[in-house]
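Convention: sequence-line order gives letters A, B, ...; per-chain numbering from 1. All values below were derived from every heavy atom in this structure, side-chain atoms included, with hydrogens, water molecules and symmetry-related copies excluded. Everything numeric in this text was worked out from a predicted model, so none of it was measured.
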There are 2 protein chains.
Amino acid sequence: MSLETFIAAARGEEPADLLLKNTQLVNVLSGEIHPADIAIYDGKVLGFGDYKQARQIVDLAGRYVCPGLMDAHVHLESSMVQPSEFAKAVVPHGTTTVFCDPHEIANVLGLAGVRYILDASEGLPLSVYVMAPSCVPATHMETAGAELSAADIQGLWSQERVIGLAEMMNFPGVLFRVPAVLDKIKGAGDRPIDGHAPGLSGLDLNAYIAAGVESDHECTALDEAREKLQKGMHIFIRDGTTSRNLHNLLPLITPGNSRLCHFCTDDRHPETLVTEGHIDDLVRKAIAWGLDPVTAIQLATINTAEYFGLRKVGAVAPGYRADLLVLDDLAAVQVTQVYTAGKLVANDGSFLPSPAALPHVPIQLSIHVDLSALSFALPAGEGLARVIGVPLDQIGTDNLCMEVAAENGYVVSDPERDVLKIAVVERHHATGNVGLGLVKGFGLKHGAIASSVAHDSHNIVVVAANDDDMRAAVMAIIDMGGGQVVVAGGETHAACPLPIAGLMSDRPLEEVRAEVAALNEAAHGLGCTLSDPLMTMAFLPLAVIPTLRLTDKGLVDVNKFDIVPLFVGA
Amino acid sequence: MSLETFIAAARGEEPADLLLKNTQLVNVLSGEIHPADIAIYDGKVLGFGDYKQARQIVDLAGRYVCPGLMDAHVHLESSMVQPSEFAKAVVPHGTTTVFCDPHEIANVLGLAGVRYILDASEGLPLSVYVMAPSCVPATHMETAGAELSAADIQGLWSQERVIGLAEMMNFPGVLFRVPAVLDKIKGAGDRPIDGHAPGLSGLDLNAYIAAGVESDHECTALDEAREKLQKGMHIFIRDGTTSRNLHNLLPLITPGNSRLCHFCTDDRHPETLVTEGHIDDLVRKAIAWGLDPVTAIQLATINTAEYFGLRKVGAVAPGYRADLLVLDDLAAVQVTQVYTAGKLVANDGSFLPSPAALPHVPIQLSIHVDLSALSFALPAGEGLARVIGVPLDQIGTDNLCMEVAAENGYVVSDPERDVLKIAVVERHHATGNVGLGLVKGFGLKHGAIASSVAHDSHNIVVVAANDDDMRAAVMAIIDMGGGQVVVAGGETHAACPLPIAGLMSDRPLEEVRAEVAALNEAAHGLGCTLSDPLMTMAFLPLAVIPTLRLTDKGLVDVNKFDIVPLFVGA
């Protein structure tokens, strides 16, 4: 398509491809809603006005039209499905652009993981932009599948859809000027650099921003968000499956500062995507809780496009990409139709593109374990043991000190007292590493629960009421090439195969959602008292969240930021 | 300065260069005013907060601090002084950044003119960004000094401070897809492209925007500005010496759209700069007429920095360039101190840098006229003559049809009836071209007025009560190497030499202002009834403004867009 032809079509000299007549346009540029007949040509908006000719004319009879919604920060892996299935789930909800950080799959497969996300999102009716993962691995107290150096990241900039540096979680590394960390920031040049700095404030926050970090999606308190915004950070207001900050942060937004505010989900699991939706859910809630609807849609569209330096996306105006939504109800964000690049891709909740039109990308096996080398034997020691205390449905853990059960000189699970063995099995390089520990709070009376989703290195984590089921659960994960499982007495009670890096299914979101529900139900059937034990378990190896964690290298006291022995000693 | 050291200083590990204590910060990012102690290091803001150490501490006792002001579109040549003298005039008023279109000097000297502006603004305490002139010459009905092709413009992109394409005045060329015009737009790539499209609306406006034009500073009516903004254009609200649009356009600005609004001066003459100021004048008036002060300052700072894609300029926050103002009174925009890149450069209206610190750039002679080849003889013809009618102090002209005085077969000036000879003498290539015509409205009874400032090709324009003074005035301009002059009886009554391209003086603004005042006074002494005859005269050759104009090639009927004979015929 030549510029010449596009100009001619904008003047009405050529018929448009599509004319949406009688709309009420939510104009995020002028901050108002006004009537408009919108002409579209070659995937872009020609403009609105008195257009006469079009190959297709749709009379929208006064319905609202707004730009397609954008998620400013998301880990696609948390949806547990491949990008095409993620698109099927979110596009009918009005999401047309996401900015994803593929750091989960990068921890498993390195650059090959980033390439998978790029390839598997190519040609989707959803624009998937990728932020280069800045912190792979998250810590050196665990064996990850791969490491991304500053040079690796540098190699990604030639990819058209890799547009910035993803959340710089290693803020101490920035503040203390660790060369490998600053090299990544310097290498990003003028590209956007996302932050991740829960609770950082004062001069340390100044230094983190002065280093070049420009956004934050970890604000939980209003004062925290206010300070960060005052200092120039863009605030990505997050409502994920677990971290829900929208209600707290909504009072942040004023007419004078809203351009620095955005919406993101960070992590939404299948159940949340199906039952609550995606960015539409945040817009809807924000409006319900009092935010002006046009402002809410600005947060989810033009603000985010501008932050990421995208041109001519995020609004409905001449020359803009024709990503737009038809809404039957504005305040309810009731999405009737979704157009991306001028093509109708969802109608009344149905995703229209045929499966054949979606990318199908093969991916290497990611589970490398020498089962014969594994031992789950945990020799009993002196004195009390450090036990990971799991409070009901919270992500933080307690560092408990307890007496533990032992048989023949080895620690055993003690379901009576709810002190169970937990293992983290290295699964990337077949090192044979098994981290062993104890956990309290699962309530499991029989069997075992295991998962290859285990942040951020995604080794296999397993909690068991006995050693035989622990081994059986790990074997089941290996047999599936990754996934989640509940076993008891050697039998699989429920399973969700996740063959893509051990993180994502190759089947539809609805199936995965049903399997995850079945997993939880099976766990509850074995006595588990946590509402979502697989999710709780997935965070137990994450050695950057207090207090006590387990990796394949052993128990980590996060406050000491070091490996500690299981037994406290006499 | 390393990033490492800057981070350390932001954390307070190193003393700051400067600490501004007890300020009320006009925070254009958060849209509020709040107390702040602002630390500065290496020309940039470290942040605000509890900084203890600094090499210099200034207690501002509750005064306001805001970012330095920006002019989104200005022709420096209209100040009639070189860039260093312009800086002296505007920096004490709080302007720290200008986006200039050097199309006046480019019409005279071509790329050498653009280079002069770049060289002569290098190292000033004023950031001068240059937009590559898109329309040199403005028309082909006049001989300009130079032409800038798409290839010439392409060659400018390597210059660090050339950041976009200047006002695309040739909107018909865009709408009708003239290849040489679209090549300039395509060549600009992702750089900002400024517009200039008075009155354009509807589908033609869509097409102009769809072509890639992103701003407009020519809106005079509110509805016009509203339509342009709705369609995504950034609106540069202009208050120049003659074109004053601020009062009309102020109601355009709403909280939902203000990010697309900006301030510019376009053209401010010495008198206006001295008596009214610069961007501070627009901010002050906007506030007086009801705009929220923080919004007004956003228009003049961060909005403009973002439009032009500048990073870390236009706000006071960690990592931002320390261009900031101390204001004694916010609503009055009373600028007490001006810092650029952390250095105090103006104090209580005084410009502090020493003359030795300012650039002194030699420039080639721009007047090339073979005086012996010039003839001002205008043979009388048949019937009535076309006479340029100049209404009192308006820029448009009338196409009058009148009988004219003649002697010995030649037309002569007829001061009694106020029908005077006017000539436009080509002065770039010594072609000997002299366009001759008649003008009514000056009221000159004796002598002549001449100027080498004559838009947009800047030939020498002269209006005279007799042929001898006409020639004497042109000779005086040639002798000065360019400038403006009032002569009578062969004697120079007043003169303002403008040796820089025939457009700008090499002396201080105050001197030029006094000389311009003396020129007008001298013209009035000779009977002239126009309040600013030199300015009126400077627009008489501009063959894109209705109705009748004169260039070195002859009379132009702008409605026909063609050269027409002086005499209508029998």
Among the listed options [options], the residue most often paired with chain A at heavy-atom distances under 4.5 Å:
{"options": "B:G31, B:G212, B:A10", "value": "B:A10"}
{"options": "B:A211, B:G232, B:S258", "value": "B:A211"}
{"options": "B:G256, B:A317, B:S201", "value": "B:G256"}
{"options": "B:L175, B:L205, B:I209", "value": "B:L175"}

Checklist entry - Between A:E4 (side chain) and B:V178 (backbone), is there a donor-acceptor pair under 3.5 Å? => result no
Item to check | N/O donor-acceptor pair under 3.5 Å between B:Q230 side chain and A:H34 backbone | outcome: no
Could you pull out the closest heavy-atom pair between [X] and [Y], with the gap in Å?
{"X": "B:A207", "Y": "A:R11", "result": "CB-CG, 3.2 Å"}
{"X": "B:P318", "Y": "A:A210", "result": "CB-N, 3.9 Å"}
{"X": "B:P255", "Y": "A:P255", "result": "CB-CB, 3.6 Å"}
{"X": "A:N206", "Y": "B:L46", "result": "CB-O, 3.6 Å"}

What part of [X] gets closer than 4.5 Å to chain B, counting heavy atoms only: side chain, backbone, both or neither?
{"X": "A:A315", "result": "neither"}
{"X": "A:I185", "result": "side chain"}
{"X": "A:E227", "result": "neither"}
{"X": "A:A8", "result": "both"}
{"X": "A:T295", "result": "neither"}
{"X": "A:D50", "result": "backbone"}
{"X": "A:D190", "result": "both"}
{"X": "A:Y320", "result": "neither"}

Next on the checklist: To the closest 0.5 Å, what do you measure between NZ (B:K228) and OG (A:S30)?
Outcome noted: 15.5 Å
Item to check | A:L260 CG to B:L29 CG distance, which is reported to the nearest 0.5 Å | outcome: 6.0 Å
Item to check | Verdict with supporting geometry, B:I302 and A:R259, side-chain contact (heavy atoms from CB on, under 4.5 Å) | outcome: CA-CA 11 Å; B:I302 188 70; A:R259 72 170 91 181; 3.9 Å; yes
Item to check | Residue pair A:I7, B:L182: steps toward the side-chain contact (heavy atoms from CB on, under 4.5 Å) verdict | outcome: CA-CA 10 Å; A:I7 294 171; B:L182 293 194; 3.8 Å; yes
Item to check | Residues A:E214, B:R311: salt bridge by 4.0 Å N-O rule | outcome: yes
Checklist entry - Do B:R177 and A:E13 meet the salt-bridge criterion of a basic N to acidic O distance under 4.0 Å? => result yes
